[in-house]
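For ligands, and for the atoms within them, numbers begin at 1 and follow the listed sequence.
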Amino acid sequence: MARGEFMFISDIHSNLEALQAVLADAGEKEVYCLGDAVGYGASPNEVIELLKERGATMTLGNHDFAALSGEPTGFNSKAAIAAVWTSRNLSSENRRFLSELPKNRRVSLAGLEAYIAHGSPDDNLWEYVYEATHSDLFGFYLKRLSVGLIALGHTHVPFTWSGSEGTVFNPGSVGQPRDGDPRASYAIVSVDGTRTTVEDRRVEYDIAASARKIVEAGLPEVLAKRLSTGD
Ligand SMILES: [Mn+2]
């Protein structure tokens, strides 16, 4: 029976210190990233380069998309300012890297077929999937996609749902948690034969250093402040 452990991250949002902390915590594992590598924070190039170095399997998020287009349609004013800043500060190489990311992927995790995307299976970039609002659809998603696992990001709120059809989860946000816990959030998926478990993990990181870079970059101060409250 095949077995393996896989690291799932999402919504890093240009927060290098948080990304370094979760990678160190997880150790050497295959990395899957569900989008929004950039946006909000001050280290977009460093974050993309570290993800490339780790050979992360990635999908595109709405903030990655906005940084590519330079047109932050549908964003609040602070997010829009950050998207324009990111667009101006991305290296051409990293811009090309983001532009080549797919909106969803099918991956095989030690024999377990899985689907990964940023938003929902229906709207990969924009739809927010919370357990409270969408759990009635989870069995339907799993059957329709013919997978045993679906990993989604975008909400910055972690959850794991399991039913007879399989598992749907969100690893939360590495770089800008919004569930009231400011520690970086990620998940480890363990596959052992037909058994799949998802373990949520939280990791302390140097929030002050990350916040300082946001202020020094001239980005909206609220984006620095929210890191310490996790909302
Ligand atoms: Mn996000």
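- Side-chain atoms of R105 come within 3.5 Å of backbone N or O of M58 as a donor-acceptor pair.
- Geometry about the Mn ion (ligand 1) gives an angle of 180° between NE2 of H156 and OD2 of D36, rounded in steps of 10 degrees.
- Summary: OD1 is the N/O/S atom of D11 found nearest to the Mn ion (ligand 1).
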If you apply the rule salt bridge (Lys or Arg N to Asp or Glu O under 4.0 Å), what do you find for K52 with E93, and how did you get there? CA-CA 11 Å; K52 283 197 276 194; E93 197 183 327; 3.7 Å; yes

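- By the 4.5 Å heavy-atom criterion applied to side chains, D11 and R178 are not counted as neighbours.
- Within the coordination shell of the Mn ion (ligand 1), defined by N, O or S atoms under 2.8 Å, H118 is absent.
- A donor-acceptor distance shorter than 3.5 angstrom exists from the side chain of H13 to the backbone of V38, with no hydrogens or angles considered.
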